[in-house]
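The structure appears below as structure tokens.
Only heavy atoms go into these numbers, but all of them, side chains included; no hydrogens, no water, no symmetry mates.
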Amino acid sequence: KNKRFAEYIFGILVVEDLLAILLLVGLTTVVTTHNVVSLPMLWAILKLILVVGSWFLVGYFVVPFFARRIMSYVSEENLTIASVALCLLLVCVAVYFHYSPALGAFIMGSILAETALVHRIEALVRPIRDIFAAVFFVAVGMLIDPRIILTHLPLVLLFCGITIVGKILITGAGAFLTGQSPTTSLRIGFGMAQIG
């Protein structure tokens with residue numbers, strides 16, 4: 001996480017998530033209204049900007065203020081509960097506004113990362129993160145039917161190849177065109193390849 005190219009990868013992932021939400025909202029609006037530029041489309045974009053922007057504004061001003069106030073006397077148990085509760089709260093708010101739960105959790109994680117308690121929170125939440133990661137990968141793995149992959153193996157391999165090579169080339173080229181060195185651009189491209 002301390003390497004420069006990793007920071008760019010995290011930034012790209014955040015932008016991809018926001019653009020994916022915008023695309024999903026936009027495409028849903030286009031399908032329902034049969035019009036590319038419409039009032040519902042503009043309202044959906046404005047709502048996304050207002051909702052996510054207000055989360056960041058409130059989070060960056062309110063959460064760090066309270067973190068500074070309670071930093072000296074909060075116990076590990078209370079800090080763990082408060083951190084997880086804040087993440088789940090923003091997840092519920094995100095779902096209420098029909099956005100990705102991951103977006104809400106990510107934004108609250110970003111907000112908590114700006115507080116003075118970040119090192120304590122990171123150490124306390126690591127076991128919870130590991131449990132959720134294991135459950136997530138097991139749950140996703142259980143949804144995969146190997147027979148379907150074997151039935152369509154040539155097509156699966158083709159799409160995997162296109163995705164991996166395309167991610168490396170497009171992301172690496174984008175990084176290079178924005179002024180990154182060839183080495184950093186290549187690392188960003190290969191770092192994004194498996195995420196795609």
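- For the atom pair CG (Leu124) and CG (Asn78), the distance works out to 11.0 Å, reported to the nearest 0.5 Å.
- A distance of 10.0 Å separates CD1 in Ile170 from OG1 in Thr163, rounded to the nearest 0.5 Å.
- Taking CG of Leu79 as the reference point, atom CG of Leu117 lies at 5.5 Å (rounded to 0.5 Å).
- Pairing each heavy atom of Leu90 with each of Gly104, the nearest pair is CD2-O, 3.3 Å.
- No continuous path of ILVMFWY side-chain contacts below 4.5 Å connects Val165 to Leu158, so the two sit in separate hydrophobic clusters.
- Although no hydrogens or angles enter the test, the distance criterion places a donor-acceptor pair under 3.5 Å between the side chain of Thr171 and the main chain of Lys167.
- Nearest heavy-atom pair, Ala193 versus Ile164, reported as atom, atom and distance to 0.1 Å: CB-O, 4.0 Å.
- Two residues are said to be in side-chain contact when any heavy atoms from C-beta on lie closer than 4.5 Å; Leu88 and Met108 fail this criterion.
- Within 6.0 Å of CD in Glu76 there are 12 or fewer heavy atoms belonging to other residues, nucleotides or ligands.
- Listed by first and then second residue, the salt bridge (charged side-chain N to carboxylate O under 4.0 Å, His left out) pairs that reach into residues 77-94 come to none, sequence neighbours excluded.
- Taking 4.5 Å as the limit, some side-chain heavy atom of Met192 sits within range of a side-chain heavy atom of Glu16.
- In terms of hydrophobic clustering, with Ile, Leu, Val, Met, Phe, Trp and Tyr side chains grouped at heavy-atom distances under 4.5 Å, Val93 and Leu86 are assigned to a common cluster.
- Expressed to the nearest 0.5 Å, how far OG of Ser185 lies from CZ of Phe5 amounts to 12.0 Å.
- Surrounding CG of Leu169 are more than 12 heavy atoms belonging to other residues, nucleotides or ligands, all under 6.0 Å away.
- The hydrophobic cluster containing Val74 also contains Val125, counting ILVMFWY residues as joined when their side-chain heavy atoms lie under 4.5 angstrom apart, directly or transitively.
- To the nearest 0.5 Å, atom CD1 of residue Ile131 and atom CZ of residue Arg129 are 11.5 Å apart.
- Clustering ILVMFWY residues whenever any of their side-chain heavy atoms sit less than 4.5 angstrom apart, transitively, puts Phe136 in a cluster other than the one holding Ile144.
- One distance of note links CD of Glu122 with OG of Ser83; it measures 11.5 Å at 0.5 Å rounding.
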- Query: Going through the distances and angles, do Val156 and Ile148 end up as a side-chain contact (heavy atoms from CB on, under 4.5 Å)?
  - Reply: CA-CA 10 Å; Val156 169; Ile148 293 176; over 6 Å; no

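- In the hydrophobic clustering of ILVMFWY residues, with side-chain heavy atoms under 4.5 Å counting as a link, Ile168 and Phe176 come out apart.
- With contacts defined as side-chain heavy-atom distances shorter than 4.5 Å, the pair Cys87/Leu112 qualifies.
- The heavy-atom pair separating Ala175 from Ile188 by the smallest distance is CB-CD1, 3.8 Å.
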